[in-house]
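Quick one: this structure, given as structure tokens, is what I'll be asking you about.
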4 protein chains.
Amino acid sequence: MTVRIAVAGASGYAGGELLRLLLAHPEVEIGALTAGGNAGSPLGEHQPHLLPLADRVLLDTTAETLAGHDVVFLALPHGRSAEIAAQLGPDTLVVDCGADHRLTDAAAWTRWYGGEHAGSWPYGLPELPGGREALVGTKRVAVPGCYPTVSSLALAPAVAAGIIEDDVTVVAVSGTSGAGKSSKPHLIGSEVMGSLSAYGVAGAHRHTPEITQNLSAVAGREVGVSFTPVLAPLPRGILATCSARLTSDEDPRAVYEKAYRDEPFVHLLPEGRWPTTAAVLGSNAVQLQLAVDPDLRRLVVVAAVDNLTKGTAGAAVQSMNIAIGLPETTGLSTVGVAP
Amino acid sequence: MTVRIAVAGASGYAGGELLRLLLAHPEVEIGALTAGGNAGSPLGEHQPHLLPLADRVLLDTTAETLAGHDVVFLALPHGRSAEIAAQLGPDTLVVDCGADHRLTDAAAWTRWYGGEHAGSWPYGLPELPGGREALVGTKRVAVPGCYPTVSSLALAPAVAAGIIEDDVTVVAVSGTSGAGKSSKPHLIGSEVMGSLSAYGVAGAHRHTPEITQNLSAVAGREVGVSFTPVLAPLPRGILATCSARLTSDEDPRAVYEKAYRDEPFVHLLPEGRWPTTAAVLGSNAVQLQLAVDPDLRRLVVVAAVDNLTKGTAGAAVQSMNIAIGLPETTGLSTVGVAP
Amino acid sequence: MTVRIAVAGASGYAGGELLRLLLAHPEVEIGALTAGGNAGSPLGEHQPHLLPLADRVLLDTTAETLAGHDVVFLALPHGRSAEIAAQLGPDTLVVDCGADHRLTDAAAWTRWYGGEHAGSWPYGLPELPGGREALVGTKRVAVPGCYPTVSSLALAPAVAAGIIEDDVTVVAVSGTSGAGKSSKPHLIGSEVMGSLSAYGVAGAHRHTPEITQNLSAVAGREVGVSFTPVLAPLPRGILATCSARLTSDEDPRAVYEKAYRDEPFVHLLPEGRWPTTAAVLGSNAVQLQLAVDPDLRRLVVVAAVDNLTKGTAGAAVQSMNIAIGLPETTGLSTVGVAP
Amino acid sequence: MTVRIAVAGASGYAGGELLRLLLAHPEVEIGALTAGGNAGSPLGEHQPHLLPLADRVLLDTTAETLAGHDVVFLALPHGRSAEIAAQLGPDTLVVDCGADHRLTDAAAWTRWYGGEHAGSWPYGLPELPGGREALVGTKRVAVPGCYPTVSSLALAPAVAAGIIEDDVTVVAVSGTSGAGKSSKPHLIGSEVMGSLSAYGVAGAHRHTPEITQNLSAVAGREVGVSFTPVLAPLPRGILATCSARLTSDEDPRAVYEKAYRDEPFVHLLPEGRWPTTAAVLGSNAVQLQLAVDPDLRRLVVVAAVDNLTKGTAGAAVQSMNIAIGLPETTGLSTVGVAP
């Protein structure tokens, strides 16, 4: 099978990571690459690490340039995907790395993003209960946010098993690429190197309702999520520390082992080893470890993910594989680039 | 007044930071500098940033070399301080940057550090209720751990005011210098740069009982503290994200403003600005901000500190100033080195 | 003596470093702080590390706001300084951290910067032969560029002694703050962390003619300078590797020892120790070491400087001290902030 | 074809990178993994990024454990390879990532490494003139050092074409992984982050004679190489700035285009784009750019390489491919992991 793909937003970080993965995908042929302001220039100016595509000229992001592909990946600012997708026709698989179609609740969408909700699409996190089935044969995929990916995978087994309170705390430390290739003053190198900062504190980050949606769906009731993202000086990687009080004597380790035993990308580490983001750099793996605080009876789960790979582009490719009937792991690796 | 000081452990990070601060202290004369394995070599080999002291030769850490000073700062591995202090005589002010005399509970000491408890000393965190008074005129000071400093200052006002539940969560992201100048494999540059990792999870870090002790003393009852430290790729700085559910309708901001209004080193930032560790690098300031999650009624406090300055050596100098009757801020700055 | 100073460009990196140093200067009173686009906002929004000045509101950069000060520091984009300085009157000491008045050759100015040359001012590098004398009593100072500072100090003694060929090579690795607080795409954190890049190669960087000017003035004849700057992932610091073939049997070490023996800020390290930028972070010191390649008879000098301190703001304060008759080292330190 | 391989020294950085590449090599089956002090423990403890091999137990590095493989990769401290290789038999392809067999001159070996020279092997840098031919069918390969790889590739075309003087200067800035996974005090994270340092200055680094050997072989006469390595705060990557005076009017660009036109891994970038190490992270590509200083008639070549990939393990795999008759690029990529 040769799948002809296009990438809209090829000059950004999500677009670059999609192309890095797709260049190693054995069933894919890379078609149109499009951009906004960078249209007309060669990809090599923007993604010098993608040597085999260096001379490809970026096209405008329009329905015309994206037409004629089996799969179109959208790596666009939120608000743009719905517009483009509407013009792509129901036979094209559209995989949206943006936020437009993640939230199921229209009111929540409007509260967090403003404007009108474009509707929700099947959610590209196959490791959640029922997640894989929802993707088979779909023509539309909403790729999860990076923080929701790691937070949901860290907590879903405990929530599903009903062994923790519905009051969870997530502090997720992230590299800077999650903020995109935008040159905002607080993201310049001189500001981020040697510094740590919190942002979007106390429910002010847009990924909060997405994590809440995922865990509440798993629980079958509303789960309260306190989410704080912290920016740290590294380009890639998220380490999430997630905790909640235990309500059961069941062994949490057994719960997680059972939940992820057959998952190709989610790895509960052997006892005594803790995840690091370096170990998943460039890989589609999630590494997890957990412990119980004996004095507090609180479960703490720590999870590491590469925000651009499993947190974005890897999940997009994984979802495509499922949607079009390829083996789920095709073109994806659990091997990181370290040190 | 000229205070003659000695520093034991001058070749390590805490020792180096003590000397950096003491070189700028107008009332201090720097006497003996001692070390363990590095004794006999010039300080310049170990602390090339301390040019004015480059030719000073490190002495052995013994009661003899430390004798004859008004103040002796101990920056030694835990277990060593009690032994040395016992030989220094009751008229010498001994400021211990190590852990030996921080915990008041002998059983807790033995559980966390092993061996016999050497007793507790007045605790060098003057910003805690009653903390300043306990230091006036003392001849012995136990300098707090870096994580307990930032965590306790972030939560003490809310605990003291009784506006939060006795179940607090702290995730503190730290630079690497807190681990000392030891060359453990996981601390080499190739491992820490580009990576994030958690350690001492679920109550397994020795600073947990110290935070619990501080907050419980403030509350007058046992406070449960879930503490997770995360290692990030920067040399200095801790950013702590602390949260607990509110139990009161009182405005937390007013509580914190009142608590820290007159403190020279603890700054609640104006609304809308969040702390960064870069802003306190090399300074004795703590920067704080807080917010309430409107959906969860959870208070989130974020605090930034330099682990080597206010987190260790700055607190030591501040405590010395109080103990010997100098103005508390002498030789200490609230100006950071950024970017 | 109380010197009333103003800083134009207070929200940028050079302005911030000037204020950090001036806050610790015992003879200075800080007056007007001005900015371009940031005028009207409090300094704390832009320089959160300068707590004592956090509430100061930035004024517009005009002759009016800068009037009435003994000293005005200009930390402005090139081209702006001449214009402002012309309006400040001959009795005000104007210290220009920008490039406008560094080059003595009008044709070189026009070639490298474009536009008309505003004339040259006494050059703020007192450690060059005759440099100190040129600053005494002056009312105008051109602060050197950061690369010219470290490169000139590394090579001047050998050039002055006539022991090397007039064909020198400088490769200077720099942190990112030298590029200013501008959010150009290649300077965002995600791009600079984990990467090294060269720029302005083969005589294309504007600091090349300034280094050439300095060394040629020392030599009394044209010296050829091959200069390559390299960008590395750290906020501050420049490490310059400078080399040239020896033409004499004289001991280079003796030449450098003699040249810098009485300099308070330039330190030739003891044999066997090599400079690091961490050791001079935030300090006004330059650390130097040299060696001779025995097979090639080539002298290699390595020098470390903090580009914002001795490379910019420290040199500005040092020059002010000389110009107004204060001890040269007032308010300046040779102690770095490490690790 | 299935090639059965073993890796000696699998717990170090070179060993880890070999395994990362070999896991993606379609013709390879991974056999014995051996180590020194880490023998007996699972690979996952040392290389957590190599998930598919996490449970493999490390064996002792002996001729017995390494026997029975088609190819044995040695990633051992220098001095160990010759000893092991002697026991492996002439039919096994031995690819030595260490220094034992790189130098052809026994006296140079003894001067730089001490002890007796074990003899030289075919040199694994196929892009040098005659380099590819020397590897076809060989049973022994000496993988080049990382600095010699990038320096030699940057300068060989100009040397071969006779367009520069025999007096070249190389300043190569490197990440820390080149120093291996050893926990020397100057390599701990707190020391390297935020700092730059030079080492092995003025011909004191062991890679100097190897670069000299390569360029002299290309030139057919002795070339003088001034080599200075600089350590910078990133885990991987070398950026080398190489320069020499031009002796010819020939266009250097044409010389380099011709030299590398057909090379799969060495890329001369289009004019105006300069190499970055991020663009080659984890890739086997070398990115080059050059310019001529118009005032000095000096050629400056800047080259970027990943020290662990093309600088070590990638070159090892590339050499294996040539030696055993596989297409040279099998299992190797020119796609980097960025940002």
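The figures here come from the full heavy-atom set of this structure, side chains too, leaving out hydrogens, waters and symmetry mates. Below, read A as the first sequence line, B as the second, and so on, with proteins coming before strands; counting in each chain starts at 1.
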Give the member of C/Ala24, C/Gly282, C/Gly44, C/Gly194 that has the highest number of heavy-atom pairs under 4.5 Å with chain B.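 The candidate making the most pairs under 4.5 Å is C/Gly44.
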By a 4.5 Å heavy-atom criterion (distance strictly below it), what part of B/Pro42 contacts chain C: side chain, backbone, both, or neither?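 The answer is the side chain of B/Pro42.
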Of the listed residues (B/Pro48, B/Pro235, B/Pro270), which shares the most heavy-atom pairs with chain C below a 4.5 Å separation?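 Top count of heavy-atom pairs under 4.5 Å with chain C: B/Pro48.
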If the cut-off is 3.5 angstrom, what donor-acceptor pairs do you find between chain B and chain C?
residue  : atom : partner  : partner atom : Å
B/Pro48  : O    : C/Gln287 : NE2          : 3.0
B/His49  : O    : C/Gly336 : N            : 2.9
B/Arg236 : NE   : C/Pro339 : O            : 2.9
B/Arg236 : NH2  : C/Ala338 : O            : 3.1
B/Gln287 : NE2  : C/Pro48  : O            : 3.1
B/Gly336 : N    : C/His49  : O            : 2.9
B/Ala338 : O    : C/Arg236 : NH2          : 3.1
B/Pro339 : O    : C/Arg236 : NE           : 2.9

Is C/Leu281 in contact with chain B via its backbone, its side chain, both, or neither, using a 4.5 Å heavy-atom distance?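 Side chain only.
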With a 4.5 angstrom heavy-atom cut-off, could you sort out which part of C/Val280 is near chain B: side chain, backbone, both or neither?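 For C/Val280, neither part sits under 4.5 Å from chain B.
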For C/Ala338, is it the side chain, the backbone, both or neither that has a heavy atom under 4.5 Å from a heavy atom of chain B?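 Contact with chain B involves both backbone and side-chain atoms of C/Ala338.
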Chain C contacts, top residue of B/Pro275, B/Ala54, B/Ala278, B/Pro339 (heavy-atom pairs, under 4.5 Å):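 Most pairs with chain C among the choices: B/Pro339.
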B/Val335, part contacting chain C, at a heavy-atom distance under 4.5 Å: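 Both parts, heavy atoms under 4.5 Å.
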Portion of C/Leu23 that has a non-hydrogen atom of chain B nearer than 4.5 angstrom: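 Only the side chain of C/Leu23 comes within 4.5 Å of chain B.
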Heavy-atom cut-off 4.5 Å, strictly under: side chain, backbone, both or neither for B/Leu308 against chain C?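 Side chain of B/Leu308 only, per the 4.5 Å heavy-atom cut-off to chain C.
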